[in-house]
> 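First the structure, which I've put down as structure tokens, then a few questions once you've had a look.
In what follows, chains are A, B, ... by sequence order, proteins preceding strands, each numbered from 1.
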2 protein chains.
Amino acid sequence: MSELENYIQSYFGVSKEEVSAISSMFQKVNLEKGEFFLKTGRYSERLGFVQAGVIREFVIINDKEVTKWISTKGYFVVDLSSFIFKQTARWNIQALTDCELFVINIDNYKEIGKTIPRWAELEKLFIAKCFTVLEDRVLTHLAMTAEERYLHLLAFNKELFQFVPLQYLASMLGMTPETLSRLRKKSVQ
Amino acid sequence: MSELENYIQSYFGVSKEEVSAISSMFQKVNLEKGEFFLKTGRYSERLGFVQAGVIREFVIINDKEVTKWISTKGYFVVDLSSFIFKQTARWNIQALTDCELFVINIDNYKEIGKTIPRWAELEKLFIAKCFTVLEDRVLTHLAMTAEERYLHLLAFNKELFQFVPLQYLASMLGMTPETLSRLRKKSVQ
DNA sequence: TTCATTTCTTGATATTTATCAAGAGGACGG
DNA sequence: CCGTCCTCTTGATAAATATCAAGAAATGAA
């Protein structure tokens with residue numbers, strides 16, 4: 001089974017046949033470093049699954065790039081508000097390294113629901129899970145200092161620090177690159 | 001139509017009959033000021049709709065109350081991770097004023113899906129919408145100062161400042177009550 | 001109303017984090 | 001291998017925010 005199939009299987013708990021049916025609708029897409037999967041203002045009509053590589057979701061606010069999230073193997077990448085509600089995309093999604101994605105377009109995505117009756121239910125559960133993750137993320141900003149947020153990310157997502165330029169992690173953590181640099185130094189000594 | 005029915009109608013766009021069927025499963029519950037709708041560690045087996053009053057979701061971290069959100073008329077209150085995934089609740093939900101809620105328990109809630117075939121789809125859309133709202137909230141912490149977050153909340157939710165003790169708004173905005181007090185003073189002068 | 005309690009404001013100060021500027025270190029193409 | 005570009009680090013300083021303490025204002029109960 002591919003990484004994608006493993007993931008679908010383990011997350012959605014559908015039958016082997018259903019996994020195959022779903023995964024067969026995805027197509028492999030390679031992105032080169034720097035290439036965009038989505039740009040702000042366009043429509044997000046594709047859902048991507050990260051098979052390999054690192055990809056960044058960001059938005060430009062007051063001429064500054066603000067990184068919302070960084071996805072690595074096993075994550076889906078999409079602008080949910082655009083994909084689901086057909087609004088213009090709010091996020092840029094750009095490859096930080098060469099990436100290997102499995103991609104499904106919106107039309108094929110809708111087909112899944114026709115072949116798997118309880119698909120909407122599974123989607124609901126998946127999005128609800130994402131919601132609770134975001135709730136936790138908001139909490140980190142309400143109840144933690146910059147240092148605590150850094151240590152928290154380090155504890156739960158250490159590998160990010162091996163592959164992702166620090167400036168992007170700093171932005172995602174809500175601090176400047178200088179501050180992150182100093183916190184890293186501090187935690188080593 | 002009650003406030004609840006209006007809301008179901010406008011948000012989920014179901015037929016008049018369906019609205020009635022759904023809303024009839026809710027029961028009116030009054031909460032007195034200070035009373036808890038849910039406590040951390042319990043199970044969230046009820047979904048509430050705020051008909052009147054102000055109700056607060058918070059969690060205690062390091063002996064401090066951290067307010068995640070404050071709901072007024074038209075909001076649903078629930079611990080989603082508990083309601084959907086049957087985990088223990090992470091949030092305390094407490095009435096800040098006397099409240100009038102419409103409440104449905106989890107068993108009746110599941111019945112909705114049996115009578116309205118596309119209910120899972122509607123739930124999915126609703127939760128996805130909530131997700132995008134939280135995405136924006138994360139952005140406010142990545143890209144705004146405390147002052148900007150205050151002005152942003154004031155612009156989009158002015159009425160909160162009329163009904164909600166400032167200490168809770170400060171916590172929800174991720175700042176101390178003293179800082180909020182000073183920002184308010186500053187924006188008046 | 002009055003008293004007690006809670007909430008809010010204000011001031012002084014400390015801490016955290018941002019900004020600006022410079023330089024060090026790495027990656028990469030030629 | 002060299003030079004260029006980009007990223008990261010470091011230092012000096014400024015700005016934002018938190019903390020602590022005290023008093024003022026508002027609230028609620030008797």
> Remaining members of Tyr150(A)'s ILVMFWY cluster at a side-chain heavy-atom cut-off under 4.5 Å?
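Other cluster members: Val54(A), Trp69(A), Ile70(A), Tyr75(A), Leu96(A), Leu151(A), Leu153(A), Leu154(A), Leu160(A), Phe161(A), Phe163(A), Val164(A), Leu166(A), Tyr168(A), Leu169(A), Met172(A), Leu173(A), Met175(A), Leu180(A), Leu183(A).
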
> Counting only pairs under 3.5 Å, give me each side-chain donor-acceptor contact of residues 121-133 of chain B, with atom names and distances, residues two or more places apart or in other chains.
| unit_1 | atom_1 | unit_2 | atom_2 | d |
| --- | --- | --- | --- | --- |
| Glu123(B) | OE1 | Lys124(A) | NZ | 3.2 |
| Glu123(B) | OE2 | Lys124(A) | NZ | 3.1 |
| Glu123(B) | OE2 | Tyr109(B) | OH | 2.6 |
| Lys124(B) | NZ | Glu123(A) | OE1 | 3.2 |
| Lys124(B) | NZ | Glu123(A) | OE2 | 3.1 |
| Thr132(B) | OG1 | Lys129(B) | O | 2.8 |

> Leu169(B) CG to dC8(C) P: how many Å, rounded?
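In whole Å, dC8(C) P and Leu169(B) CG are 9 Å from each other.
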
> Test: salt bridge (charged side-chain N to carboxylate O under 4.0 Å, His left out). Region: residues 19-47 of chain A. Which pairs qualify, not counting sequence neighbours?
Lys28(A)-Glu100(A)

> Set out, line by line, the N/O atom pairs under 3.5 Å between protein and nucleotides 23-30 of chain D.
| unit_1 | atom_1 | unit_2 | atom_2 | d |
| --- | --- | --- | --- | --- |
| dG28(D) | OP1 | Lys33(B) | NZ | 3.3 |

> Can you name the ring-ring contact (aromatic ring centres under 6.0 Å, His included) partners of Phe49(B), sequence neighbours left out?
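With sequence neighbours excluded, Phe49(B) shows a ring-ring contact (aromatic ring centres under 6.0 Å, His included) to Tyr7(B), Phe76(B), given in chain and number order.
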
> Determine whether Asn30(B) and Asp98(B) make a side-chain contact, defined as any pair of heavy atoms from C-beta on separated by less than 4.5 Å.
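Side-chain contact under 4.5 Å: no.
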
> Should side-chain heavy atoms under 4.5 Å link Ile, Leu, Val, Met, Phe, Trp and Tyr, which residues sit in the same cluster as Phe58(B)?
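When side chains under 4.5 Å apart are linked, the cluster holding Phe58(B) also contains Phe36(B), Ile60(B).
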
> Report the residues that fulfil side-chain hydrogen bond (donor to acceptor under 3.5 Å, both in side chains) with Ser23(A), sequence neighbours left out, ordered by chain and then residue number.
Glu5(A)

> Using the test side-chain hydrogen bond (donor to acceptor under 3.5 Å, both in side chains), find all partners of Thr67(B) that sit at least two apart in sequence or belong to another chain.
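Expected list: Arg56(B).
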
> In whole Å, I'd like the distance from the CG atom of Leu166(A) to the C1' atom of dT7(D).
9 Å

> Strictly under 4.0 angstrom, non-hydrogen atoms only: write out the protein contact profile of nucleotides 10-21 of chain C, one letter per nucleotide from the 5' end, B, S or -.
BBB----SSBB-

> CD of Gln162(A) versus P of dG26(C): gap in Å, rounded?
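Going from CD in Gln162(A) over to P in dG26(C) covers 17 Å.
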
> Please round to 10 degrees the angle between the axis of the first five pairs and the axis of the last five pairs in the helix from dT1(C)-dA30(D) to dG30(C)-dC1(D).
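Axis-to-axis angle, ends of the helix: 50°.
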
> Round to a whole Å and report the spacing from CD of Glu65(A) to P of dC6(D).
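Atom-to-atom, Glu65(A) to dC6(D), this comes out as 13 Å.
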
> With sequence neighbours excluded, tell me which residues meet ring-ring contact (aromatic ring centres under 6.0 Å, His included) with Phe26(A).
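With neighbours one apart ignored, the set is empty.
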
> Considering residues at least two apart in sequence or located in another chain, which fulfil the side-chain hydrogen bond (donor to acceptor under 3.5 Å, both in side chains) criterion with Gln87(B)?
none

